[in-house]
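Input: a single structure, listed below in structure tokens.
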Amino acid sequence: MMDKAFKVLKKYYGFHSFKEGQYKIVENILQGKDTFVIMPTGGGKSLCYQIPAVLFHGITLVISPLISLMKDQVDALKAMGISAAYINSTQTLEEINSILDDADIGVYKLIYIAPERLEFEAFCRALRRIHISQVAVDEAHCVSQWGHDFRPSYRNISPFINSLKVRPVVTAFTATATQAVKEDTVKLLGLNGAYFYPISLHRENLMLNVIETEGKEHKVNFIVDYLKDNINNCGIIYVSTRKEVDELYEYLSANQFSVGKYHGGMEDRDKNRFQEDFIYDNFNVMIATNAFGMGIDKSNIRFIIHYSLPKNIESYYQEIGRGGRDGDFCQCYLLFHPSDIALQEFLIKGSTSENRLQIEMSKLQAMQEYALYSGCYTNYILKYFGEPIIKDYCSTCSNCINNKELRDITLEAQMILSCIYRTKGKYGISVLIDILKGYTGPKIKEFNLNKLSTYGIMKEYNIKFIKDIINTLISQGYLDRKTGTYSMVSLNTKSFNILKGKEKLLTRIVAEESIMVNDVILFDILRRVRREIAAKEKVPPYIIFSDSVLMEMCKELPENHDDFLNIKGVGEKKSIKYGQDFLNAIKLYKTSKIS
Ligand code: ADP
Ligand code: MG
């Protein structure tokens with residue numbers, strides 16, 4: 001069964017391996033077990049129910065809370081060649097009926113609906129005619145009133161499922177669940193002995209920076225400098241009040257920056273226009289209050305700047321969680337000034353009922369503690385959410401990077417070297433990392449690499465850190481690159497000194513250029529090709545390909561369709577549909593460089 005899942009992964013999505021947790025989750029769903037998944041934003045939840053949907057007979061009904069999200073997901077599925085539709089209040093009864101008729105004769109693999117639909121008995125009756133093999137509940141925490149986005153109509157899901165003649169597999173997905181919400185969700189959705197896959201909420205591609213500022217002017221100067229250095233990148237600037245949004249927007253647009261704005265006091269029409277333009281890459285930087293972001297699936301957000309202190313760690317983590325959904329790095333800057341605290345206190349007091357005030361104030365206290373923390377920010381957040389910490393330092397936060405002390409990384413180096421020893425140096429760095437992180441991919445399965453004692457031993461470490469250590473080992477002569485290859489490494493006599501504990505490896509953690517576009521000009525050309533296709537197809541550019549796929553193209557410089565299909569993130573349908581346009585652009589660029 002999982003062979004088929006791998007085939008779907010390659011054919012439609014163009015991916016070579018599952019991300020953490022996906023393999024097990026898909027396997028369980030395919031075995032017909034109810035499943036509850038907590039995975040951070042960008043962790044890859046959609047694919048977990050979509051791949052079973054493709055393989056199951058009948059339809060997968062996806063319950064999703066937001067119209068914009070539904071449309072996005074359906075567009076993305078269609079672009080990959082998976083047949084899907086959505087039903088929501090923007091459609092006429094006729095349109096809805098025609099979709100239901102098509103569903104009845106098996107036209108679709110997935111149908112997305114808003115939970116409110118289930119309040120209509122006629123609609124439920126129509127659904128009962130259809131063979132539903134899976135009900136997937138996205139943003140499942142909405143069912144719990146203890147969660148922060150309670151949606152009463154989520155309570156209709158369980159009775160609806162019980163009214164079906166044959167009970168489908170029920171799966172539920174969320175990125176935010178405390179213990180209370182988790183128990184509530186499982187109960188209210190009526191999950192049967194649900195398989196639960198716990199995945200750390202740690203997002204290792206978020207680079208956490210806190211900048212202690214001298215006040216407003218300093219903050220604005222920081223932003224101006226940052227935007228100048230990141231002229232082609234998309235980002236969000238979160239600001240506490242509507243007035244500040246307007247001011248910053250005026251100032252930055254007067255200075256010719258490509259910006260937009262969003263806050264609760266604007267007309268719906270303007271809000272929608274700005275939101276849409278942001279999603280379509282028509283401007284780069286959104287300045288907004290925390291009203292902006294729910295349902296934004298834009299994958300290429302490269303920076304998130306907080307102009308002042310957020311009200312709690314939960315909101316902060318949710319807001320920065322909108323960055324780097326494509327898995328590439330996102331720089332997060334918290335611009336802090338002590339007067340931010342008084343402002344937040346004022347805002348909290350104005351919007352919180354008496355009985356919650358104490359709780360909100362202590363949450364703000366933790367946020368303030370974070371801003372002033374001198375240890376590892378990554379670990380502060382993990383500890384806050386009750387997750388095991390990674391180690392006493394990371395390589396992705398400004399405190400760890402600015403710390404000039406030498407760190408002893410002998411233990412980590414030993415883990416890596418013994419993995420190379422056990423695999424006899426047969427694999428490249430990316431497979432080594434898959435083994436150390438405990439990932440599942442075809443190579444891992446084929447050669448039983450998951451049976452190695454080093455499989456998954458560096459699960460808690462982030463990929464960048466592991467790569468950094470490998471590079472340190474190479475540069476300090478403890479590891480050789482195999483001649484004639486770029487990514488293969490082999491042990492030498494010095495490696496064994498480390499392995500036997502005769503020598504120690506010390507290093508200073510350094511910041512690295514975060515975005516790995518090796519050819520900015522070509523990247524820009526490919527972005528333009530993508531934008532033209534997207535405009536023609538009337539979908540956001542990231543539905544065509546994400547930034548990381550374009551970066552792969554810049555690196556691999558595909559010359560023909562086979563090369564193109566090999567790019568990570570290119571499936572069969574997209575290769576046929578869009579391949580030629582990109583191949584032509586790359587060819588033209590290469591010849592123009594030679595001549
Ligand atoms: P979530 O719903 O958990 O926030 P998504 O399902 O939207 O996350 O996926 C986030 C990103 O990760 C998407 O750009 C998706 O294409 C990518 N992704 C998902 N699974 C894989 C995989 N196995 N390999 C590479 N990229 C993946
Ligand atoms: Mg999602």
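Basis for what follows: all heavy atoms, side chains included, without hydrogens, waters or symmetry-related copies. All of these numbers come straight from a predicted model, not from anything done at the bench.
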Review point. Under the 3.5 angstrom rule, does the side chain of Thr591 hit a backbone N or O of Lys587 as a donor-acceptor pair?
Key: yes
Practice item. May I ask you to decide if the ring planes of Phe385 and Tyr317 are parallel, tilted or perpendicular, using 30° and 60° as cut-offs? Key: tilted
Revision key, fill the gap. Those residues at least two apart in sequence (or on a different chain) that pass side-chain contact (heavy atoms from CB on, under 4.5 Å) with Asp138 are Tyr49, Phe173
Review point. Just by modelled atom types, is the Leu506 backbone N or O under 3.5 Å from a matching donor or acceptor in the Asp408 side chain?
Key: no
Exercise for review: For Lys45 and Glu139, indicate whether the former's side chain and the latter's backbone hold a donor-acceptor pair under 3.5 Å.
Suggested key: no
Exercise for review: Walk me through it: do Arg407 and Glu412 pass the test salt bridge (Lys or Arg N to Asp or Glu O under 4.0 Å)?
Suggested key: CA-CA 11 Å; Arg407 310 277 197 183; Glu412 289 79 4; over 6 Å; no
Check your understanding: Does Asp3 pair with Lys7 as a salt bridge, N-O distance under 4.0 Å?
Key -> no
**Study point:** NZ (Lys10) with more than 12 external heavy atoms under 6.0 Å
**Key:** yes
Check your understanding: Is it true that Phe545 and Phe582 have ring centroids separated by less than 6.0 Å?
Key -> yes
Point to revise | Any Leu335 side-chain heavy atom under 4.5 Å of Ile223 side chain | key: yes
Exercise for review: Please list all pairs passing the side-chain hydrogen bond (donor to acceptor under 3.5 Å, both in side chains) test where one or both residues lie in residues 416-429, with sequence neighbours left out.
Suggested key: Arg422-Ser453
Exercise for review: Answer with yes or no whether the side chains of Tyr226 and Gln331 bring together a donor and an acceptor at under 3.5 Å.
Suggested key: no
Check your understanding: Would a line drawn from the ring center of Tyr307 to the ring center of Tyr238 be shorter than 6.0 Å?
Key -> no
Point to revise | Value rounded to 0.5 Å, distance of NE2 in His202 from CD in Glu460 | key: 10.5 Å
Point to revise | Under 3.5 Å: donor-acceptor pair, side chain of Ser398, backbone of Val210 | key: yes
**Study point:** Where at least one partner belongs to residues 526-537, residue pairs that pass side-chain hydrogen bond (donor to acceptor under 3.5 Å, both in side chains), sequence neighbours excluded
**Key:** Arg530-Asp547, Glu537-Lys577, Glu537-Tyr578
**Study point:** Output field: ring centroids Tyr333/Phe222 closer than 6.0 Å
**Key:** yes
Review point. Taking only residues two or more places apart in sequence or in another chain, which ones pass side-chain contact (heavy atoms from CB on, under 4.5 Å) with Glu572?
Key: Lys11, Leu565
Check your understanding: Within the side chain of Arg322, is there an N or O that forms a donor-acceptor pair under 3.5 Å with the backbone of Ile304?
Key -> no
Exercise for review: Would you list the pairs meeting side-chain hydrogen bond (donor to acceptor under 3.5 Å, both in side chains) in which at least one residue belongs to residues 440-452, sequence neighbours left out?
Suggested key: Tyr23-Lys445
Exercise for review: Kindly write out the residues that satisfy salt bridge (Lys or Arg N to Asp or Glu O under 4.0 Å) with Asp326, not counting sequence neighbours, or none if the list is empty.
Suggested key: Arg302
Point to revise | Side-chain donor-acceptor contact under 3.5 Å, Glu503 with Tyr478 | key: yes
**Study point:** Asp281 and Lys298 ion-paired at < 4.0 Å
**Key:** yes
Point to revise | Donor-acceptor contact present, side-chain Lys494 to main-chain Gln476, <3.5 Å | key: yes
Review point. Would you say Asn255's side chain and Phe257's backbone share a donor-acceptor pair under 3.5 angstrom?
Key: no
